[in-house]
Amino acid sequence: MFCEKAIELIRELQRASDGQLPAFNEDGIRQVLEEMKALYEQNQTDVNEAKSEGRSDLIPTIKFRHCCLLRNQRCIAAYLYDRLLRIRSLRWEYGSVLPTSIRFHMCAEELEWFNQYKKSLATYMRSLGGDEGLDVTQDMQPPK
Amino acid sequence: ANTETYLKSVALKHMPPNLQAVDLGKSVQK
Amino acid sequence: TQSYLPVPPGVGMEENFLSLDDILLSQEKLPTRTECVFPRLGFVEKTSDTRDIPEGTKMEMPLWLAKGLYDNKRRLVSVEQPKIYRQGWRTVFSADPNVVDLHKMGPYYYGLGSQLLHFDSPENPEIAQTVLQTYIGRFRRIMDSSQNAYNEDTSALVERLDVLERSLFRTGQIGLNDFQRWEKGQAS
């Protein structure tokens, strides 16, 4: 059945409780992208045949494959986006230098995203509290 | 912008042409 | 971590595109019937002569696919209600909603029940009403148990709850634990 690999990616994240970051599943992403390529090419063939030979009976199949393409796209986007939310939370839990063990679980693009996020946050914090700025990542609990 | 760049470089640019955009407004709770 | 804020699920009949919970909910299977031939998709019967899914094939189809293919005007698939939403079970729920093991019968009883309303059926108003009244009928016990179970094994309390109810229970527990920490002067 189509989209099985895609839902596995989602289940993998759901199993990682409380915002932990599992290793980036590059192989899983690659497999989903390959399935999308195959589905798209099959649909292109059928669309051309439907147009040129009047095969309107192919429309249900084309729609079926399109649903699968959308599903794969959604799963990949949600997988990657949820990982960014976990990575973002790491800045607030660990500070700007992440433990090596966590960095190993991130792909190069995620490390880059994290660096950009740190810069955005730093720029924002510098803009607060007059000349000195304000580190809003400190004092997360109220004073006694 | 940071998030869009990330999604594009990791996945979206490898998808079929009509599926290379995701509206990040969809990440906002409805 | 407290700073991890996942995209929450949609409310009612809505789904949030990037919500992991909604994606998993939409993986739930529904009993369906194909109302036309689906050429060149024949993976259902490997031994058949054609590679088509014939018209009239009954299959368990994931919700996301059923929603994508469902169209009032151009019938590609028809969707049946799972047993738990039919008249027989609706009578059980109206008698006493607390007796049902919604984890076993679900685990997405409310979510799937809400999504079923996307498919036209004369029973939809009754399904909607049953789902709502079931939630109302079970809410009090979930709230009470989540507020009274402090620092103990809660597995027996949650084992018969559906996914939404477990989330509710968790929220109650977080509130209880936060309050206890504050009372003990551990919240600063």
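A note on names: the letters A, B, ... follow the listed sequences, proteins ahead of strands, and every chain is numbered from 1. Any value given below was found using the heavy atoms of this structure, including those in side chains, with hydrogens, waters and symmetry copies removed. Remember, it's a predicted structure, so these values are computed and weren't measured experimentally.
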Worksheet item: Does anything in residues 132-142 of chain A get under 4.5 Å of chain C by heavy atoms, and if so which residues?
Response: Gln141(A), Pro142(A)

Item to complete: For the pair Tyr79(A) (side chain) and Asn25(A) (backbone), establish whether a donor and an acceptor sit closer than 3.5 Å, ignoring hydrogens and angles.
Response: yes

Worksheet item: Given that the side chain runs from C-beta out, which part of Ser26(C) has a heavy atom under 4.5 Å from chain A: side chain, backbone, both or neither?
Response: both

Discussion item. Taking the six-membered ring for Trp, are Tyr135(C) and Tyr109(C) closer than 6.0 Å centroid to centroid?
Written reply: no

Fill in: Pair Tyr85(C) and Trp89(C), ring centroids less than 6.0 Å apart
no

Worksheet item: Under a 4.0 Å N-O cut-off, is there an ion pair linking Glu35(A) with Lys5(A)?
Response: no

Worksheet item: What's the spacing between Leu69(A) CG and Asn43(A) CG if we round to 0.5 Å?
Response: 6.5 Å

Fill in: Arg166(C) side-chain N/O to Glu159(C) backbone N/O, donor-acceptor pair under 3.5 Å
yes

Discussion item. With side-chain hydrogen bond (donor to acceptor under 3.5 Å, both in side chains) as the criterion, how do Ser94(C) and Gln133(C) come out once you've worked through the C-alpha distance, each side chain's angles and the decisive distance to 0.1 Å?
Written reply: CA-CA 8 Å; Ser94(C) 64; Gln133(C) 291 304 321; over 6 Å; no

Practice prompt. Measure Ile23(C) against the heavy atoms of chain A and call it side chain, backbone, both or neither at under 4.5 Å.
Written response: both

Practice prompt. Could you go through the side-chain hydrogen bond (donor to acceptor under 3.5 Å, both in side chains) check for Thr45(A) and Glu41(A) one step at a time?
Written response: CA-CA 6 Å; Thr45(A) 304; Glu41(A) 285 169 358; over 6 Å; no

Item to complete: Would you mind checking which part of Cys3(A) comes under 4.5 Å of any heavy atom in chain C, side chain (CB onward), backbone (N, CA, C, O), both or neither?
Response: side chain

Practice prompt. Would you mind checking which part of Asp22(C) comes under 4.5 Å of any heavy atom in chain A, side chain (CB onward), backbone (N, CA, C, O), both or neither?
Written response: both

Fill in: Heavy-atom closest contact (Pro39(C) atom, Asp52(C) atom, distance)
CA-OD1, 3.3 Å

Response to the item:
Bottom line for Arg91(A): the part with an atom under 4.5 Å from chain C's heavy atoms is neither

Worksheet entry | Under 4.5 Å from any heavy atom of chain C - which part of Ile62(A) | neither

